[in-house]
2 protein chains.
Amino acid sequence: MASDHTRSAILAAAERLYADRGFGDVTLRDIVAEANVNLAAVNYHFGSKDELIAELFVSRSIATNRERLRELKAAEEQGGGRAPIEVILRALVGPTLRGCLGPENQRSTAARFMIRASIESVPPIRRIKNREIDHLRKFVGAMRRSLPDRNDVDIYWGLNFALAMAHHTIRESERLTKLSEGKCDLDDVENVVARVVSVATMALTAGRAETRAPARALARDAR
Amino acid sequence: MASDHTRSAILAAAERLYADRGFGDVTLRDIVAEANVNLAAVNYHFGSKDELIAELFVSRSIATNRERLRELKAAEEQGGGRAPIEVILRALVGPTLRGCLGPENQRSTAARFMIRASIESVPPIRRIKNREIDHLRKFVGAMRRSLPDRNDVDIYWGLNFALAMAHHTIRESERLTKLSEGKCDLDDVENVVARVVSVATMALTAGRAETRAPARALARDAR
DNA sequence: GATAGTTTCATACAAGTGTTTGAATTGCAA
DNA sequence: TTGCAATTCAAACACTTGTATGAAACTATC
C-alpha cells in the first residue's frame with residue numbers, strides 16, 4: 001500500500017493552485033513543482049490529469065455537501081421537521097461564503113476550489129456535476145416544508161437567487177470593494193451572510209400576489 | 001484601406017465561437033476555419049490572438065454600455081432627473097438578460113460573448129476590465145438620486161445583488177431548468193427580468209432598520 | 001542479503017498552440 | 001500594361017502541453 005505521501009501531496013498542491021489561479025492556467029508541471037514530486041507521478045498515481053481533477057472534485061463535493069446537509073438536518077430536527085427559512089438559507093450559503101471570504105488566513109482552499117469548479121466548468125468536472133442537482137433538491141424539500149403555502153416555482157427561484165448572490169459576491173468581491181471604495185466590508189463575513197439570507201428570505205416570503213406574477217404591469221409601463 | 005472583409009469575418013467568427021464555447025477551448029485555427037480565412041490572417045490584421053480578443057471586448061463593451069446608458073438616461077429625463085428604482089434596475093439587467101435568454105434564434109452573440117467575458121476572465125480582458133467600474137458608477141448615481149435617503153452601502157449591495165441574480169441565472173439557466181423540471185420557464189425573458197428587478201427592488205427598499213443592520217440577532221439564534 | 005514488486009526519476013514523445021516567414025497573389029494607381 | 005503596395009497563403013517554427021518509457025532507487029518479504 002505504500003506511503004501515500006506523494007498522492008496526497010499532489011492532491012493538496014493541485015487544490016491549492018486551482019483554488020488560487022483557476023483551472024485554465026495551471027499545468028501539470030506547476031502542480032508537481034508545488035508538490036515537490038516528479039512529473040510522472042501524476043500519471044502514475046491518478047492515470048491522467050483529468051482523473052486527478054475528477055477525484056479532487058468528487059471528494060471535495062461530497063465533503064461540502066455533507067457539511068451543508070448536516071447543518072440543515074440539525075436545524076430541521078430542532079424545529080420538529082420544519083426549520084425557519086432563514087436557517088435553511090444560512091445552511092445553504094453560509095459555509096461557502098465563510099470558506100471563501102473573510103481574513104485571508106482562515107479561508108479554506110476547499111471552498112475556493114469548489115467555487116472555481118462551479119465557475120470554470122472544465123470537462124472532467126462537467127461530466128460529474130449532475131449529482132449536485134440531487135443535493136439541491138434536498139434543500140428544495142426543506143424550503144417547501146418551511147414555506148408550505150409557497151408554490152414550487154417561487155421556491156426554485158428563491159434558491160436560485162440565494163446561490164446567485166452568494167457566488168457572485170465571492171467571484172466579484174474585489175470589484176465590489178473597489179466600486180464601493182471599501183465601504184462594503186467583505187471581511188465581515190457574517191454581515192455578508194446576513195445580507196444574502198435577508199434578501200433571499202424577502203424574495204421567498206414577499207406578498208404572494210406580487211411574487212406569483214411578478215410586477216409585469218410595471219414592466220410594461222417602464223418600456 | 002482595402003476591403004476589410006477578412007477583418008470583420010474574423011471578428012464575427014471569433015465572437016460567435018467564444019460566445020458558444022468560451023475562451024478556454026477555441027483555438028486560432030477554429031476561428032480561421034469558421035471565418036474561411038487563412039491562419040496567418042489573424043496575426044496580420046490584429047497582431048496577436050490577445051489583441052483580437054481585446055479589440056472584440058472593447059468594441060462590444062462600449063456598445064453594451066452605451067445601450068444601457070441610453071435606456072437609463074431616457075428614464076431619468078422622463079422622470080425629471082429621477083427615475084423609479086425599478087426602471088433603473090431594468091436598464092441595468094434587462095439588455096443582458098434579453099440578449100442571453102429567450103428563444104434561441106433571437107439571442108445576441110454580443111450579449112453572450114460579454115457574459116463569457118465576465119465569467120472566464122482571460123488575461124487580455126482582465127487588463128481592460130477596470131473601466132467597467134466607471135460605468136457602474138453611473139448606475140450608482142442614478143440609484144442614489146432615486147433613493148435619496150438610502151445609504152451608499154445599501155446601494156452598492158443592491159447593485160451587486162441585481163447583477164448577481166441576472167448573471168447567475170444566465171450562467172446556470174440549464175441547471176435551473178433541470179432542477180425545476182421545466183417549471184421555471186427561462187424562455188419567458190420578461191418574467192425573468194421582472195423577477196430579478198422585483199427582488200433587487202425589495203433588497204433596496206426594505207425597512208431601513210432591518211437592512212442597515214441585517215438580521216444579525218437572528219443569525220446568532222440560528223447557530 | 002537476495003529477490004520481486006512498488007515507486008521515483010530523467011528523459012523522450014506526440015500533439016497542439018500561437019506566431020513567423022517568404023513567396024505567391026491580388027488590387028489599384030500611374 | 002507596368003509597378004508597387006497590400007493582402008493571402010502554405011509551410012515551418014518555437015514552445016508548451018499531457019503522456020509514455022525504461023532504467024534507477026527504494027521497500028518489504030522470505
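Order of the sequence lines fixes the chain letters, A, B, ..., with proteins taken first and strands second; residue numbering starts at 1 for each chain. Keep in mind that what you see is a predicted model, and the values were worked out from it rather than measured.
Under 4.0 angstrom from either OP1 or OP2 of D/dA10 there lies at least one side-chain N or O belonging to B/Asn38. For D/dT8, the OP1/OP2 oxygens have a side-chain nitrogen or oxygen of B/Thr6 closer than 4.0 Å.
The NE2-C1' distance, from B/His5 to C/dG27, rounds to 16 Å in whole Å. The separation between A/Arg7 atom CZ and C/dT8 atom P is 12 Å, rounded to whole Å. Spacing between atom CG of B/Leu39 and atom P of D/dA14 amounts to 17 Å, rounded to whole angstrom units. The separation between B/Asp4 atom CG and D/dA6 atom P is 14 Å, rounded to whole Å.
Looking at B/Arg195 and A/Asp154, a side-chain N of the basic residue comes within less than 4.0 Å of a carboxylate O on the acidic one, giving a salt bridge.
Residues from residues 42-51 of chain B placing a heavy atom under 4.0 Å of any atom in DNA chain C, listed by number, are B/Asn43, B/Ser48, B/Lys49. Applying a 4.0 Å cut-off to non-hydrogen atoms, the residues of residues 24-34 of chain B that approach DNA chain C are B/Thr27, B/Leu28, B/Arg29, listed by residue number.
Judged by distance alone, with hydrogens and angles left aside, the side-chain atoms of A/Arg21 form a donor-acceptor pair with the main-chain N or O of A/Asp25 at under 3.5 Å. Under the 3.5 Å distance criterion, the side-chain polar atoms of A/Asp188 are left unmatched by any main-chain donor or acceptor of A/Asp185.
Between B/Thr169 and A/Trp157 the shortest side-chain heavy-atom distance falls below 4.5 Å. Using a 4.5 Å heavy-atom cutoff, the side chains of A/Met165 and B/Phe161 are in contact.
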Using residues 120-135 of chain B as the side-chain source, report each donor-acceptor pair under 3.5 Å to any protein atom, sequence neighbours left out, with the distance given to one decimal.
residue	atom	partner	partner atom	Å
B/Glu120	OE1	B/Phe23	N	3.1
B/Glu120	OE1	B/Gly24	N	3.3
B/Glu120	OE2	B/Phe23	N	3.3
B/Ser121	OG	B/Arg126	NE	3.0
B/Arg126	NE	B/Ser121	O	3.3
B/Arg126	NH2	B/Ser121	O	2.7
B/His135	ND1	B/Asn65	OD1	3.3

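A/Asn43 and A/Ser48 form no side-chain donor-acceptor contact under 3.5 Å, judged by distance and modelled atom types alone.
With respect to A/Ile170, the side-chain contact (heavy atoms from CB on, under 4.5 Å) criterion is satisfied by exactly one of A/Leu186, A/Leu97, A/Val192, A/Ile119: A/Leu97.
Within 4.0 Å (heavy atoms only), B/Ala41 reaches no atom of the nucleic acid at all.
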